[in-house]
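A short write-up of the structure that comes next.
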Amino acid sequence: MDVSDILTGLNPAQCEAVTAPQNAVLVLAGAGSGKTRVLTHRIAWLIRVEGVSPCSLLAVTFTNKAANEMRARVETLLSSSTRSMWIGTFHGLAHRLLRHHWQEVRLPQSFQILDSDDQLRLVKRILRSLEIDESKWPPKHVQWFINGRKEEGLRPQHLQETGDPAQAQLVRIYTAYEAACCKAGVVDFTELMLRSLELLHEKSELRDYYQQHFRHLLVDEFQDTNTLQYAWLRLLAGSSPVFAVGDDDQSIYGWRGARIEHIRDFQQDFPDAQMIRLEQNYRSTPYILDAANAVIAHNDGRLGKNLWAEGERGEILRFYQAYNDLDEARYIADQIKDWVARGGRRSEIAILYRSNAQSRVIEEALIGRGIPYRVYGGQRFFERTEVKDALAYLRLITRRTDDVSFERIINQPARSIGERTLQRLRDQAREEGVSLWEAAAQLLTVNELTSRAAGAVQGFMRLIDELAQTVNGLPLDTQVALTVEHSGLLAFFARDKGERGQARVENLEELTNAARVFHHDPEEHTGLSLLDTFLAHAALESGEGGGGAWDDCVQLMTLHAAKGLEFPLVIMSGMEEGLFPHRMSFDEPGRLEEERRLCYVGITRAKRQLMLTAAETRRLHGQQTYSLPSRFIGEIPPELINEVRPKPRIGKPVWSGDTPMQYARRTVDSGLWVGKHVRHVKFGDGIVIDQEGQGAQIRVQVNFKDHGQKWLVLAYAKLQPLV
DNA sequence: CCATCCGCAGTTTTT
DNA sequence: CTGCGGATGG
């Protein structure tokens, strides 16, 4: 391969990015503009043309899927192995660093990783041990606090006394949590990042080594980096150039710590940085892009870009406002039938929604019409209860000090070891500063337990010890199979004759399968047993459902899950105020803008046709709710939308003569909508019940609590919106 | 200690 | 309407 091969088929902007000088580069890559292509070709360019050694490249992504895809595409491009390159997720690469330097970071060699479920369990255990009321200190919130502080690089000892008793309590919990992790020799996800950052920070010779070693760093989905990941990246880069690819308009993970500022301030952080915009879209029709551009234009502070596309204008969007959620689902099913009748495939269709709860009604409609479908997201393989139970046995087999696993399985399946006995073990462990396993052994030798409890505990420990012996030296899948069998888990779940029990048994069998096909790079984690490597893999790779494009299925997923994917036909359902944008985001403009970016992501998934649906009323949490069409509908120019009107409903019209579209537009014009609570200087609090006129002439009808219904001209009335 | 009933809350998700 | 956690009875 020579220079021209690498650049073949790239447009000028893509070429510019691929061949950019070896400085910091920010590629602002609009949806469908060939982002991954640029990234992989850049790597090929650096190696083939600039003569950069593959081992001095580090490419980082957020998901395993993206990392695997990048590796595969680079290999195809270079027709050589990428083994020597560091390509992986932030957590995967951080993990690799820690495995190499476990001694320097004071971890046991076979340290294990806590996933968020493990972490939550540990937090709960800590709360109980500190005798803290869970209702006042919700474990979820505590978990959020701990991860939040770690993401800021703050250890408990860095958190100063602020005099705030709530803060003091949280710090106390955080301290205990750290101690517990340390004792058990486990690290949570955030810890992987923080610990490796501290390693590089404190050990200057290691830092120098890695900064020398990596001459080029490449980041995908840069807009999704959180503070800690960004700090990690910069420290590892040193003065080496960073090639970042991202799109501020597709930042949809602010709620989990992603900082859109990183992409917006890139040129300040890297003063010599070059910014390149990829604005030509190869995915969608011009109509779809116009709609996307119009919606996202309502956001402030964008880096700004305008997507355009060549080719067939295609069909304009379609909007159907249903009477209710069932009618909406029926319409969607009809549209799918139509698509297929016109020669389309089901696998070309995606149904997107804001929250998982919405899938049910749609699924029922699809089942009713015999349309095969597949729901993405939901529980992942390695996160299922039964699988995690089995993994806990395996973890305890390799390391008896793993208290998190110990607690999980000591009475799973039930072997008559209850809260009481467990509490004695915990007390003993704390007093003696040892693991639960060790504490159990001690209590048994000094004969401190009731004979019943002692027998049960002894039985459990013997089970683990014997299992460890039996399994030692056997092939990995046999180890797993024997563990699943002898732990009693298989029999336990098989007792449940329902569909659920059946599925659990199958999952346990599948785990053995996963172990059979598990391969690992022997150079990757030196000194670890195959089992330990497998366990780390299970924690870091949640086990994605995998392809499935060969089944001709309609795909159902949340808008978040759709990021990075594309489909000829996209149906965005539940386009309603309160649902999308979600009511939780109403209070803060920043969160509302994130919802809008989510809408932008949804629209730009569509290649040929985009359909939008909403329901006037739907059952939510067992209650009937009424909503207006989403403001995002109103933000799309009306000439781009074909509004499919339902037949007039018997009874009083909900829209007082307006089409849903007109309604949505007025919502946008005034910043108010029907149902919004407002405050008036003279009339006090009330709720908007109607609205008419455009621009300066807008009038709203408000039903005031104390003064009844009044029509007010918005320009004069000075209504203050309430939350 | 273990099964069953009641009350409550209830976006989005990767590692 | 669900699923989870806590309280209750066997």
Side-chain angles (χ1 to χ4, degrees), chain A residues 60-67 88-95 113-120 124 128 133-135 138-140 147 150-151 187-194 221 224-226 228-229 251-258 325 352-361 364 376-380 382-383 385 410-423 450 452-453 456 495 500 536-544 557-564 574 578-586 591 594-595 597-599 601-602 618-625:
Chain A
V60 59
T61 62
F62 279 84
T63 65
N64 292 304
K65 196 174 151 204
T89 63
F90 276 103
H91 294 89
L93 297 176
H95 175 238
I113 300 161
L114 297 187
D115 70 14
S116 26
D117 179 64
D118 297 326
Q119 187 185 33
L120 190 64
K124 284 182 184 165
R128 256 171 279 143
D133 185 357
E134 282 190 26
S135 61
K140 277 260 166 59
N147 290 334
K150 286 192 185 190
E151 262 155 31
V187 293
D188 59 50
F189 285 134
T190 317
E191 186 70 28
L192 289 170
M193 295 304 304
L194 181 54
E221 304 280 15
D224 288 335
T225 49
N226 67 31
L228 182 54
Q229 289 159 339
S251 164
I252 54 172
Y253 288 114
W255 51 274
R256 67 177 198 210
D325 43 355
L352 309 183
Y353 36 78
R354 176 66 236 265
S355 66
N356 287 307
Q358 288 166 250
S359 76
R360 188 111 125 220
V361 179
E364 278 162 13
Y376 278 73
Q379 271 263 304
R380 264 153 252 281
F382 286 120
E383 285 165 15
T385 341
I410 184 165
N411 201 34
Q412 172 70 6
R415 46 177 75 84
S416 300
I417 301 173
E419 195 47 41
R420 194 114 177 200
T421 312
L422 196 46
Q423 195 49 50
T450 61
R452 250 183 58 170
R495 265 198 352 223
R500 224 179 143 102
H537 163 85
L540 280 170
E541 302 221 17
S542 43
E544 319 204 348
M557 67 191 84
T558 63
L559 286 152
H560 281 92
K563 193 170 143 200
L579 196 59
F580 187 40
H582 199 276
R583 51 181 56 77
M584 296 278 184
S585 63
F586 284 172
R591 299 187 64 182
E594 184 155 307
E595 296 280 303
R597 292 193 291 269
L598 190 56
C599 184
V601 167
R618 72 170 66 237
R619 245 185 133 69
L620 212 61
H621 311 317
Q623 282 231 313
Q624 205 69 15
T625 57

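A note on names: the letters A, B, ... follow the listed sequences, proteins ahead of strands, and every chain is numbered from 1.
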- Span of DNA chain C in contact with chain A (heavy atoms, under 4.0 Å): C:dC1 to C:dG6
- B:dT12 pyrimidine/purine six-ring stacking with A:Trp255, under 5.5 Å and 30°: yes
Quick one: [X] [atom1] to [N] [atom2], roughly how many Å, whole number?
| X | N | atom1 | atom2 | answer |
| --- | --- | --- | --- | --- |
| A:Asp115 | B:dT13 | CG | C1' | 13 Å |
| A:Arg583 | B:dT12 | CZ | C1' | 15 Å |
| A:Glu151 | B:dT15 | CD | C1' | 11 Å |
| A:Leu93 | B:dT15 | CG | P | 13 Å |
| A:Glu134 | B:dA9 | CD | P | 15 Å |
| A:Lys140 | B:dT12 | NZ | C1' | 13 Å |
| A:His91 | B:dT13 | NE2 | P | 17 Å |

Check for a donor-acceptor pair, side chain of [X] on one end and backbone N or O of [Y] on the other, with a separation under 3.5 Å.
| X | Y | value |
| --- | --- | --- |
| A:Arg597 | A:Ser251 | yes |
| A:Glu151 | A:Gly257 | no |
| A:Asp325 | A:Arg619 | yes |

The side chain of [X] lies closest to which of these nucleotides: [options]?
| X | options | value |
| --- | --- | --- |
| A:Arg354 | B:dT12, B:dT15, B:dC1 | B:dT12 |
| A:Thr558 | B:dT15, B:dC1, B:dT13 | B:dT13 |
| A:Thr63 | B:dT12, B:dT15, B:dC1 | B:dT15 |

With heavy atoms under 4.0 Å as the rule, sort [X] into base, sugar-phosphate or nothing.
| X | answer |
| --- | --- |
| A:Arg420 | sugar-phosphate |
| A:Glu383 | base |
| A:Asn356 | sugar-phosphate |

- Item | Phosphate contact (B:dC1 OP1 or OP2) by A:Thr421 side-chain N/O below 4.0 Å | yes
- Position toward the 5' end of DNA chain B (nearest nucleotide), A:Glu595 or A:Phe189: A:Glu595
- Message: Reading DNA chain B from 5' onward, which residue's closest nucleotide shows up sooner: A:His560 or A:Leu540?
- Response: A:His560
Contact list (N/O, under 3.5 angstrom) for nucleotides 2-8 of chain B vs protein:
{"from": "B:dC2", "atom 1": "OP1", "to": "A:Ser416", "atom 2": "N", "distance (Å)": "3.1"}
{"from": "B:dC2", "atom 1": "OP2", "to": "A:Asn411", "atom 2": "ND2", "distance (Å)": "3.1"}

- Message: Less than 4.5 Å apart, side chain to side chain, heavy atoms only: is that true for A:Leu352 and A:Met557?
- Response: yes
- Message: Counting C-beta onward and ignoring hydrogens, is there a side-chain heavy-atom pair between A:Val60 and A:Gln229 closer than 4.5 Å?
- Response: no
- Message: Can you tell me how the ring of A:Trp255 sits relative to the ring of A:His560, calling it parallel under 30°, perpendicular over 60° and tilted otherwise?
- Response: perpendicular
